[in-house]
Each structure stands twice: as structure tokens, then as C-alpha cells.
Amino acid sequence: MVFTECLLDALVDTLRLLPFLFLTYLAMEYLEHRAGNKSVRIIRKTGRLGPLVGAAAGVVPQCGFSAAASSLYSGGLITTGTLLAVLLSTSDEMLPIFISEAVRIPTILKILGTKVLLAAVTGFLLDLILRRFRKQEVHKDIHDLCEHEHCHCEDGIWKSALRHTLQITLFLFLITLALGLCIQFLGEDTISGFLTGQPVPGVFLAALVGLIPNCASSVIITQLYLSGLLGAGQMMGGLLVSCGVGLLVLFRTNQKLKENLKITAALYVTGVLWGLLIEGMGVTF
């Protein structure tokens with residue numbers, strides 16, 4: 001029974017990502033094969049505003065944009081700061097839970113606005129640092145991604161995009177199923193117990209829970225906040241890090257393991273720092 005529930009949950013969660021992934025890969029294939037390198041260069045040059053756009057896009061419910069952003073980053077179309085902004089802004093199931101629990105609209109807007117602001121600021125700062133200490137970011141290309149995925153791009157952009165999508169979807173389904181079974185085995189109450197009653201350590205722990213690439217992490221953090229067991233800093237630290245399957249897609253599509261680990265570490269540290277600052281200032285929403 002438990003396995004069947006986890007299987008269905010994993011299937012539903014994965015299928016919801018299909019449109020995002022397919023349209024993302026279709027756009028990437030078009031830029032590479034039809035629009036040419038000039039269009040790709042233009043997108044990269046205008047990427048300085050990327051963190052703001054990414055932060056605004058990431059705040060949309062569900063984790064489709066974080067998955068799309070990871071693919072775009074692996075294809076070399078967005079900057080590291082833009083990717084981090086999307087990951088920080090994404091909150092997976094937070095907004096649907098707030099709405100279902102009839103949280104006041106001004107409160108929801110404050111939390112969403114704070115996430116967008118913190119995500120954009122962090123993304124801009126990271127891009128500024130990378131430009132200063134590295135003359136340019138390491139260029140990636142959709143062609144490199146195609147070679148890694150063995151997608152046979154010569155068959156046309158539609159078939160190539162579909163192959164990319166199916167490969168990533170199968171990977172996400174298997175990992176989501178495994179994570180769902182682990183969470184069922186541990187129990188959400190056990191995970192919740194680690195977070196409550198510890199203001200400062202709770203920020204570190206909430207961010208750690210947020211790293212779990214499963215919607216359960218955002219559900220747990222949001223519900224604990226609404227029940228008064230987590231403070232605003234703990235909630236924000238956890239939800240800034242809770243980017244759904246974005247990290248899974250990054251590790252699947254980007255071949256540079258050290259780079260992926262650095263991005264993951266930056267995501268966690270950023271969530272903790274902002275969470276501690278909010279907790280220390282006594283901010284409430």
C-alpha cells in the first residue's frame with residue numbers, strides 16, 4: 001500500500017514537469033539549430049538582468065521553473081547567478097498550502113516578495129563576484145549536453161527535445177520514488193522533530209531539510225510554520241533552499257560534478273545566512 005502511494009505520487013509529480021522540460025529543451029534546440037549562435041550570444045549578453053527575471057519566474061508555484069533553469073544552465077544559456085536566483089525563489093508546495101490554509105493575502109505577498117528580493121539580490125551578487133574574479137564564466141553549449149545525453153540531434157529539434165525530456169523524466173521518476181519511500185520509512189513526524197524548538201540550530205536544520213529534492217520538504221516546513229512551531233527565519237531558510245527537483249536536474253544534465261556541488265553549497269549557505277539574519281532581526285510576516 002505504501003509502495004503504491006509512493007509510486008502514484010512520484011508518477012504525478014514527474015508528469016507535472018513534462019510540459020516545462022519539453023518546452024525548455026525545444027527552445028534550446030531551436031536556438032542551437034535554427035536561430036544560430038548569434039541568438040545564443042544575445043541571450044548571454046542580456047543575462048545581467050537574469051537574476052531578477054529568474055527570481056520572479058521561480059516564485060510561480062511548483063518546481064517546473066527550477067527544473068527548466070537547471071537545463072538552461074547546463075546548456076549555457078543562463079548565468080550561475082540566474083540559476084541560483086531561480087532555485088532560491090522556488091518554494092514548491094508553499095503557495096498552494098498557504099492558499100488552502102486561508103493565510104491572509106498580505107502575509108502571502110510579504111513572504112513571496114521577500115523570497116523574490118533575496119533571490120534576486122543573491123543572484124546579482126554572485127554574478128558580480130564571478131565576473132570580477134573570473135574574466136568570464138565557463139561557456140557551456142547545448143551541443144555538449146546533446147553529446148552527453150546521446151540524443152541524436154540530427155533527427156530534428158522535436159525528436160531531440162523529446163529524447164532529452166524522456167531521459168530526464170525517467171531519471172526524476174526513479175529518484176522521486178526512492179526519496180518518497182525513504183520519507184515514508186522515516187516518517188514526517190521524525191523529520192519535523194528535528195526542526196522544532198531550536199531557533200538558531202533550527203535554521204541550519206530547516207535548510208538541510210529544504211535540500212531534500214522532494215515536495216515533502218516544503219510541505220513539512222510550511223505546515224510547521226503555520227502551526228507556530230517554526231519562526232520566520234527558520235521557515236525562510238528552509239524554503240529558500242527548497243527548490244524541488246531543480247538540483248536533481250542539475251546533477252543529471254551538468255557534467256561538472258564539482259560545479260554542481262559548489263552551487264548546492266552556495267544554495268544551502270545562502271538559505272542559512274538569510275534565515276539567520278531574519279531570525280536575528282526578529283522579523284515576522
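Just the heavy atoms: all of them, side chains too, but no hydrogens, waters or symmetry mates, feed the values below.
No donor-acceptor pair under 3.5 Å is formed between the side chain of Asn254 and the backbone N or O of Glu259. Although no hydrogens or angles enter the test, the distance criterion places a donor-acceptor pair under 3.5 Å between the side chain of Lys115 and the main chain of Leu88. Checked by atom type and distance alone, the side chain of Ser242 never pairs as donor or acceptor with a backbone atom of Gly238 at under 3.5 Å.
Shown are Ser218, Ser89, Ser217; of these, the side chain to side chain contact (heavy atoms under 4.5 Å, CB included) with Leu239 is made only by Ser218. Checking Leu226, Leu224, Ile111, Leu229 one by one against Met235, the side chain to side chain contact (heavy atoms under 4.5 Å, CB included) holds for a single residue, Ile111. If you run side chain to side chain contact (heavy atoms under 4.5 Å, CB included) between Thr122 and each of Leu267, Leu273, Leu84, Leu117, only Leu84 comes through.
Residues Leu87 and Leu83 have side chains in contact (heavy-atom distance under 4.5 Å, counting atoms from C-beta outward). No side-chain heavy atom of Phe22 sits less than 4.5 Å from a side-chain heavy atom of Leu166. Looking at heavy atoms from C-beta onward, Pro51 lies in side-chain contact with Asp127 at the 4.5 angstrom threshold. Two residues are said to be in side-chain contact when any heavy atoms from C-beta on lie closer than 4.5 Å; Ile278 and Gln234 fail this criterion. Residues Ile108 and Leu95 meet the side-chain proximity criterion, which asks for heavy atoms closer than 4.5 Å.
Linking Ile, Leu, Val, Met, Phe, Trp and Tyr whenever their side-chain heavy atoms come within less than 4.5 Å leaves Val53 and Val116 in two separate clusters. Following chains of ILVMFWY side-chain contacts shorter than 4.5 Å, one cannot reach Val12 starting from Phe173, and the two form parts of different hydrophobic clusters. Hydrophobic cluster membership differs between Leu52 and Leu118, with clusters built from Ile, Leu, Val, Met, Phe, Trp and Tyr side chains linked at under 4.5 angstrom. Linking ILVMFWY residues whenever their side-chain heavy atoms come closer than 4.5 Å, directly or via other members, leaves Phe251 and Tyr268 in distinct clusters. With hydrophobic clusters built from ILVMFWY side chains whose heavy atoms lie under 4.5 angstrom apart, Ile99 shares a cluster with Tyr225.
Summarising the local packing, CZ of Phe204 is surrounded by 12 or fewer heavy atoms from other residues, nucleotides or ligands at distances under 6.0 Å.
Atoms OG1 and CG, from Thr264 and Leu250 in turn, are 6.5 Å apart once rounded to the nearest 0.5 Å. With rounding to the nearest 0.5 angstrom, the CD atom of Gln255 is 9.0 Å from the OG atom of Ser74. Put simply, CG on Leu77 and OG on Ser71 are 10.5 Å apart, with the number rounded to the nearest 0.5 Å. Atom CD1 in Ile105 sits 13.0 Å away from atom NZ in Lys110 (nearest 0.5 Å). Atoms OG1 and OH, on Thr80 and Tyr73 in that order, are 3.5 Å from each other to the nearest 0.5 Å. Taken to the nearest 0.5 Å, the CD atom of Gln223 stands 11.0 Å off from the CG atom of Leu230.
Between the side chains of Thr79 and Thr82, at least one donor N or O sits under 3.5 Å from an acceptor N or O. For the 3.5 Å distance criterion, the side chains of Trp274 and Thr114 fail to qualify, holding no donor opposite an acceptor.
Scanning all heavy atoms of the two residues, the minimum distance from Thr284 to Ala232 falls at CA-CB, 4.4 Å.
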